[in-house]
Amino acid sequence: MRTSTLRRMGTGAAAVALLSVAACSGGGGGSGTAEKSAAGGVADASSVAALQQIRTKTGTVRSARIEGTTEMGDTVSMKQTGTIGWADGLTGSLTLTYTGGTMAKALKQGGGDGSVRARYLQDEYYADMGEAFAATIGGKRWVRYAYKDLAELGGPAGDVLEEQARNSTPEQGVKALLAAGDVRKAGQEDVRGVPATRYSGTVDVAELTGRNSALDAGQLAALKEQLSAAGVTTQTVDIWVGEDDLLLKKTERGETGAGAFSSTVFYSDYGTEVSVEKPPADDTVDFREILRQRAAGPS
């Protein structure tokens with residue numbers, strides 16, 4: 001397998017897995033204007049007050065079971081299921097099933113079945129790439145990605161992915177709406193049979209990231225330039241909240257240079273136990289080591 005192909009598969013798997021957990025938390029990809037909506041709306045004061053209370057409640061439960069779908073143009077279409085916890089940084093286990101797009105094709109061409117098991121820990125993320133991929137890297141199934149390496153692998157957006165990977169929680173979805181200048185209550189609906197209140201708003205992701213991360217001005221400027229070059233335009237976030245002030249569902253919709261972006265996540269079993277361990281060391285290889293081996297060998 002060529003180094004360039006391996007890099008695309010490896011960095012693609014890392015980015016998509018982090019996109020998946022970011023979608024579960026809120027703050028995906030898209031931009032608009034946080035001070036006003038495309039329609040020139042303004043934030044509803046009562047909705048902002050309610051969201052502040054919801055944010056506080058969501059931040060105290062510390063874990064949940066999630067089930068969702070994510071699509072981004074022709075690049076990826078996938079489902080994700082599992083549990084995430086945020087008592088002390090992000091931890092969790094998700095199964096990512098690629099149902100379409102170039103990532104699904106690449107994984108299947110590499111001998112995989114289209115599914116990747118992902119384990120998220122405080123400082124790193126692990127992906128079980130399957131037996132076929134393992135056969136090309138000395139028989140080790142698990143690939144380790146350190147969050148601190150994401151900036152180098154992903155450019156300016158990697159800095160943001162590192163921050164979001166370390167701080168991803170369902171609370172972030174509420175923060176996104178609090179950053180939207182046009183947040184409003186959008187009615188009452190049932191979510192899988194449970195009564196819920198819906199809130200909606202338009203979000204400037206670059207501005208939102210600046211408000212919720214420790215990135216410096218240079219990193220943010222580079223990110224905005226990259227997003228602009230990619231043709232990112234607007235993103236709409238909707239959340240459905242139960243009577244207990246906990247999220248039941250979240251959707252994100254937007255446009256990027258790669259095509260339309262959308263994600264839907266359902267939350268349940270708040271407070272569920274989340275136990276995540278590192279894969280066995282003798283069955284794990286660091287992605288940087290894979291790149292070094294391939295660079296030194298035949299291409």
Side-chain angles (χ1 to χ4, degrees), residues 13-14 16-28 51 53-72 76-99 113-128 142 145 147 161 164-177 189-199 237-253 262-279:
V16 169
L18 291 168
L19 167 67
S20 178
V21 78
C24 296
S25 68
L51 287 170
Q53 181 174 331
I54 293 164
R55 174 186 172 185
T56 299
K57 179 64 178 293
T58 304
T60 64
V61 290
R62 301 303 188 186
S63 66
R65 187 174 303 279
I66 69 99
E67 176 185 343
T69 60
T70 301
E71 296 183 3
M72 180 174 282
V76 65
S77 174
M78 69 178 175
K79 299 178 180 179
Q80 60 263 23
T81 59
T83 57
I84 56 173
W86 53 93
D88 184 17
L90 174 74
T91 59
S93 299
L94 298 179
T95 297
L96 314 177
T97 303
Y98 298 86
T99 56
D113 63 0
S115 294
V116 173
R117 290 186 296 157
R119 297 183 186 180
Y120 304 90
L121 290 95
Q122 287 184 340
D123 299 313
E124 55 203 359
Y125 145 73
Y126 294 85
D128 179 355
W142 290 91
Y145 303 88
Y147 295 153
L161 282 174
Q164 291 187 341
R166 291 180 184 275
N167 299 291
S168 294
T169 74
E171 181 188 8
Q172 294 294 99
V174 184
K175 288 182 179 179
L177 282 179
E189 301 175 14
D190 283 0
V191 176
R192 295 182 168 179
V194 178
T197 301
R198 179 180 177 182
Y199 297 90
V237 177
D238 291 79
I239 64 172
W240 287 257
V241 181
E243 295 177 352
D244 56 1
D245 285 338
L246 293 175
L247 270 68
L248 296 172
K249 177 183 176 182
K250 178 180 65 64
T251 65
E252 295 176 327
R253 305 180 305 281
S262 66
S263 72
T264 300
V265 181
F266 293 91
Y267 302 93
S268 62
D269 295 339
Y270 280 97
T272 190
E273 181 179 354
V274 177
S275 179
V276 184
E277 297 182 354
K278 294 182 180 182

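Scope of the values below: all heavy atoms of this structure, side chains included, with no hydrogens, waters or symmetry mates.
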- Query: Taking 4.0 angstrom as the limit, do K249 and E189 come out as a salt bridge?
  - Reply: no
- What orientation do W86 and Y270 show, parallel under 30°, tilted 30 to 60°, or perpendicular over 60°? perpendicular
- Minimum heavy-atom separation for V191 to A196, with atom names? CG2-CB, 4.0 Å
- Residues two or more places apart in sequence or in another chain: which of them pass salt bridge (charged side-chain N to carboxylate O under 4.0 Å, His left out) with R119? none
- Message: Tell me the closest heavy-atom pair linking L246 and T58, and the distance in Å.
- Response: CD2-CA, 3.9 Å
- Is there side-chain contact between V76 and Y98, with at least one heavy-atom pair below 4.5 Å? yes
- Message: Whether the side chain of Y120 engages the backbone of V276 through a donor-acceptor N/O pair (distance < 3.5 Å, no angle test) should be reported.
- Response: no
- Pair D244 + K57, salt bridge at N-O below 4.0 Å: no
- With rounding to the nearest 0.5 Å, note down the distance linking OH in Y147 to CD in Q122. 9.5 Å
- Tell me, please, which residues at least two apart from T99 pass side chain to side chain donor-acceptor pair (under 3.5 Å). S77
- Query: How many angstroms lie between atom NZ of K79 and atom OG1 of T69, to the nearest 0.5 angstrom?
  - Reply: 8.5 Å
- Please name the pair of heavy atoms, one in V174 and one in L51, separated by the smallest distance, quoted to 0.1 Å. CG1-O, 3.3 Å
- Only one of T83, V116, T81, I66 clears side chain to side chain contact (heavy atoms under 4.5 Å, CB included) with L94; which? I66
- Task: Heavy atoms only: give me the nearest A118-L96 pair and the separation to one decimal.
- Result: CB-CD1, 4.4 Å
- Task: Grab the two heavy atoms, one from L90 and one from I84, that are nearest each other, plus how far apart they are.
- Result: CD1-CB, 4.3 Å
- Note on the structure: Sorted by chain and residue number, the salt bridge (charged side-chain N to carboxylate O under 4.0 Å, His left out) partners of D269 (sequence neighbours excluded) come out as R65
